[in-house]
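Step one of this worksheet: look at the structure below.
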Amino acid sequence: MSLPDLEEISVAVIGLGYVGLPLAVSLSTRFPVVGFDLDTDRVAELSVGVDRTGEVPAAGLEGCGVRWTSRADDMRGVNVFIIAVPTPVDAENQPDLSAVLAACRTVGGVLSEGAVVIVESTVHPGVTEQVCGPELAQASGLACGDGFFLGYSPERVNPGDHEHTVDKITKVVAGQTPEVAQFLAELYGAITNGNVFVARDIRTAEAAKIIENAQRDINIAFINEMAMIFEKMGVSTHDVLAAAATKWNFLDFQPGLVGGHCIGIDPYYLAHAARLAGHDPAIVLAGRQINDGMAGFAAERISSRLPESARVLVLGLTFKENVSDLRNSKVAELIASLSALGHAVEVHDSRADRAEALEMYGIELTGDLADCREFDAVVGAVAHDEYRNLGVDEVMALIKPAGLCADLKGIWRHHALPPEVGYWQL
Ligand SMILES: NC(=O)c1ccc[n+]([C@@H]2O[C@H](COP(=O)([O-])OP(=O)(O)OC[C@H]3O[C@@H](n4cnc5c(N)ncnc54)[C@H](O)[C@@H]3O)[C@@H](O)[C@H]2O)c1
């Protein structure tokens, strides 16, 4: 069975989230595209030009030609399937491949002979060929590598980053044979101006993706550990980093809470794969342990500077700056820890959806920052631009005259706060 010709390609993208949606829109500039998602609300919104994740503007959705659907049958006849569904961890921090397996079963049900199935979800080495391949074969009745072909192409998009978009970055591709790899190179090359890197094989590409994020996690963990040490020494971590960063090969990482669904998750996939291979990972899990402990550490240090039952205002709840994504936010842990220490915490986030915050964390976001006054402490937890740009007077307006300014991201460290104000930075 031969691979589809480039001119005959039609694509289905399965999973229209942060990864799948921009990809579907980008591919639609060159190929007919069906965008499939189980979430009927998401499909309905996309159909009227609304992307609640803010990754694709209405202008990008309007007239892009993608056929949005929740009906698997609408993918029949398509010859390239791209799976971009979530790969979280379970309560024991073990890989949860249930969405990937469900997507494989859906694809298997509509797979036709000669089609190519590409996994874009982040998975550990071996998953595409040893888990997805058999699942697809069973659901379709076709033989993997003969009736259909497997490819893998990891995704590098960075939510909120409108510079490194899918069409501007190098796309790593791999196939179960050199011919399939070449097919992927041409497919993705059509939307990246040929900017593709062909990895040796699928396992290599899977491994490359997973270490990109694990490497970030470990580097941040190192800086977080330094922050704990410098805190004890009474030295500003941010000032140390500003000085050290003047060396040409010093790596620029900042301390902070590591949430979201990539950097804090993918190392657990790597750890799982390491154990399967017979190696007990030391550094990978040590990094995770430090980063997972940062919310508790910050809460304890802030609380030690507060009176009992203090009123605390936390600015920011999303998992990182300038995005609306609340999933796996470590700020929620910080808030829970501060509350458990007896403080009354109010939370403001200019970007988060109020209903989602309530549903996900039981947190009722306060409305207008202008109404937030006389707190014992303000905690700058997420560096949204609008918090970063608060002037001294605006920060002071939030707290009592001798209140505490807890600056997790070091965004106000150059403010000349009155001497009676306490200042703490991570
Ligand atoms: N978000 C990122 O920054 C990023 C970056 C690189 C890689 N990744 C990886 O890409 C993958 C997708 O992540 P995301 O952030 O786009 O997730 P997401 O949660 O934003 O979107 C996933 C979408 O898949 C849909 N879905 C779930 N199960 C499905 C199924 N069986 N069939 C069809 N649709 C289904 C959901 O409804 C959702 O709309 C994950 O493996 C993630 O690790 C994410």
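Just follow the structure's listing: the first ligand is 1, and inside any ligand the first atom is 1.
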Got L142 and E113 here, is their nearest side-chain heavy-atom distance under 4.5 Å?
yes
Report yes or no: does L38 have a heavy atom closer than 4.0 Å to ligand 1?
yes
Under a 4.0 Å N-O cut-off, is there an ion pair linking R327 with D325?
yes
Between ligand 1 and Y18, is the shortest N or O to N or O distance under 3.5 Å?
yes
Is there a side-chain contact between I169 and T165, using heavy atoms and a 4.5 Å cut-off?
no
Minimum distance, heavy atoms only, to atom 4 (C) of ligand 1: which one of G17, C262, A72 is it?
C262
Can you name the closest pair of heavy atoms from P134 and E129 and give their distance?
CD-O, 3.4 Å
Distance under 4.0 Å to a non-hydrogen atom of A99: what atoms of ligand 1 satisfy this?
28 (N), 31 (N)
S121 heavy atoms within 4.0 Å reach ligand 1 at atoms 11 (C), 41 (O)
Does atom CD of E359 have more than 12 heavy-atom neighbours from other groups under 6.0 Å away?
no
Numbering the atoms of ligand 1 from 1, which are under 4.0 Å from a heavy atom of F36?
32 (N), 33 (C)
Of all the atoms in ligand 1, which lie at a distance below 4.0 Å from a heavy atom belonging to A102?
31 (N)
Taking atom 38 (C) of ligand 1 as the reference point, the nearest protein heavy atom with its distance
D37 OD2, 3.4 Å
Do the side chains of L426 and F297 get nearer than 4.5 Å, heavy atoms only?
yes
Measuring from non-hydrogen atoms of V157 to any atom of ligand 1, is the shortest distance under 4.0 Å?
yes
Measure from the ring center of H384 to the ring center of Y387 and say whether it is less than 6.0 Å.
yes
Is any side-chain heavy atom of T53 closer than 4.5 Å to one of R42?
yes
Tell me the protein heavy atom at minimum distance from atom 24 (O) of ligand 1, and give that distance in Å.
G15 CA, 3.3 Å
Would you mind checking if K409 and E321 are paired as a salt bridge, meaning a charged N to carboxylate O distance below 4.0 Å?
no
Working for salt bridge (Lys or Arg N to Asp or Glu O under 4.0 Å), residues D217 and R288:
CA-CA 7 Å; D217 194 45; R288 276 291 65 234; 2.7 Å; yes
Give the residue, atom name and distance (to 0.1 Å) of the protein heavy atom nearest atom 9 (C) of ligand 1.
T122 OG1, 3.4 Å
Short list, please: which atoms of ligand 1 are under 4.0 Å from a heavy atom of I14?
32 (N), 33 (C)
Which of the numbered atoms in ligand 1 are under 4.0 angstrom from any heavy atom belonging to V19?
4 (C), 5 (C), 7 (C), 8 (N), 10 (O), 16 (O), 44 (C)
Below 30° counts as parallel, above 60° as perpendicular, anything between as tilted: where do the rings of H261 and Y18 land?
perpendicular
Of the listed options (T53, V85, D39, T87), which comes nearest to atom 11 (C) of ligand 1 when hydrogens are ignored and any heavy atom counts?
V85
Minimum-distance protein heavy atom relative to atom 27 (C) of ligand 1:
P86 CD, 3.5 Å
Can you figure out which of R327, H261, E155 has its heavy atom closest to atom 6 (C) of ligand 1?
E155
May I ask you to identify the nearest protein heavy atom to atom 3 (O) of ligand 1, giving residue, atom name and distance to one decimal place in Å?
P159 CD, 2.9 Å
